[in-house]
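Scroll down for the structure; my scribbles are underneath it.
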Amino acid sequence: MTDEFTYTPEQALARSILLTAVNGGINHWARVHGFTVDCPPEQVRAEGIDTVDGRSLWHVDLDDIQLSITKLIEQPEQCAAPDSGIDFEQLHAVGESLTDAITRRLNDLADIQIIPARHADKIHLIIADHVFQVAVAGEVIY
């Protein structure tokens, strides 16, 4: 983030999640066509296509990411269909990690401490992916 733009801690965390997602966290289901992040918070966005169904276009901004974070924190059980095969314990763990990040006013997804540390990179990708899927589709699908 450049110094010329002011982000709240929540916006900075959402931006970090968006960056993690578009730089690898969502590659198993999405192709990113473009993203803008070095700008004022209201202009941060990403857009692409769902490669699993091959036709769904999506776009996400910081407000979408922040709403997704709130849903994962407050209603993780509403973030996947009951018969989807999605791991609900993992959804709750993502929500708990996000709660901790918000409580500690973290600006960067990488600042979330996962023990043991050797699993941190994958967990950060999982968190970013879950947040992004909820932002795009309203639930974790893949």
For [X] and [Y], which heavy atoms make the closest approach, and how far apart are they?
{"X": "Gly25", "Y": "Asp129", "result": "O-CB, 3.2 Å"}
{"X": "Val140", "Y": "Ile86", "result": "O-CG1, 3.6 Å"}
{"X": "Pro9", "Y": "Asn107", "result": "CA-OD1, 3.3 Å"}
{"X": "Phe35", "Y": "Asn23", "result": "CZ-OD1, 4.4 Å"}
{"X": "Asp61", "Y": "Asp63", "result": "OD1-N, 3.1 Å"}
{"X": "Ala46", "Y": "Phe132", "result": "CB-CZ, 4.2 Å"}

Any donor-acceptor N/O pair, [X] side chain to [Y] backbone, under 3.5 Å:
{"X": "Glu47", "Y": "Trp58", "answer": "no"}
{"X": "Thr51", "Y": "Trp29", "answer": "yes"}
{"X": "Lys71", "Y": "Val131", "answer": "no"}

Practice prompt. Taking atom types as modelled, find out whether Asp64 and His59 have a side-chain donor-acceptor pair closer than 3.5 angstrom.
Written response: no
Exercise. Determine whether the side chains of Ser56 and Asp53 contain a donor N or O and an acceptor N or O closer than 3.5 Å.
Key: yes
Working to the nearest 0.5 angstrom, can you tell me the gap between [X] [atom1] and [Y] [atom2]?
{"X": "Ser97", "Y": "Ile69", "atom1": "OG", "atom2": "CD1", "answer": "12.0 Å"}
{"X": "Ser16", "Y": "His124", "atom1": "OG", "atom2": "NE2", "answer": "8.5 Å"}
{"X": "Thr99", "Y": "Glu74", "atom1": "OG1", "atom2": "CD", "answer": "8.5 Å"}
{"X": "Ile65", "Y": "Gln11", "atom1": "CD1", "atom2": "CD", "answer": "12.5 Å"}
{"X": "Ser68", "Y": "Glu139", "atom1": "OG", "atom2": "CD", "answer": "11.5 Å"}
{"X": "Asp111", "Y": "Asp100", "atom1": "CG", "atom2": "CG", "answer": "11.0 Å"}

### Query
Heavy-atom distance under 4.5 Å between the side chains of Gln43 and Arg45, does that happen here?
no
Connected via hydrophobic side-chain network under 4.5 Å: Leu67 and Leu62
no
*Same cluster or not: are Ile49 and Leu18 linked, directly or through other Ile, Leu, Val, Met, Phe, Trp or Tyr residues, by side-chain heavy atoms under 4.5 angstrom apart?*
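Ile49 and Leu18: separate clusters.
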Identify whether the distance between the nearest side-chain nitrogen and carboxylate oxygen of Asp108 and Arg15 falls below 4.0 Å.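 Looking at Asp108 and Arg15, the cut-off is not met.
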Item to check | CZ/Arg104: more than 12 non-hydrogen atoms of other groups inside 6.0 Å | outcome: yes
May I ask you to check whether over 12 heavy atoms, not counting those of Glu77, lie within 6.0 Å of atom CD?
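For Glu77, atom CD is crowded (more than 12 foreign heavy atoms under 6.0 Å).
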task = Could you check Ile17 against Leu98 for side-chain contact (heavy atoms from CB on, under 4.5 Å), going step by step and ending with a plain yes or no?
result = CA-CA 11 Å; Ile17 289 170; Leu98 292 167; 4.0 Å; yes
Hey, what's the ring geometry for His28 with Tyr142, parallel, tilted or perpendicular (30° and 60° as the breaks)?
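Ring orientation of His28 relative to Tyr142: perpendicular.
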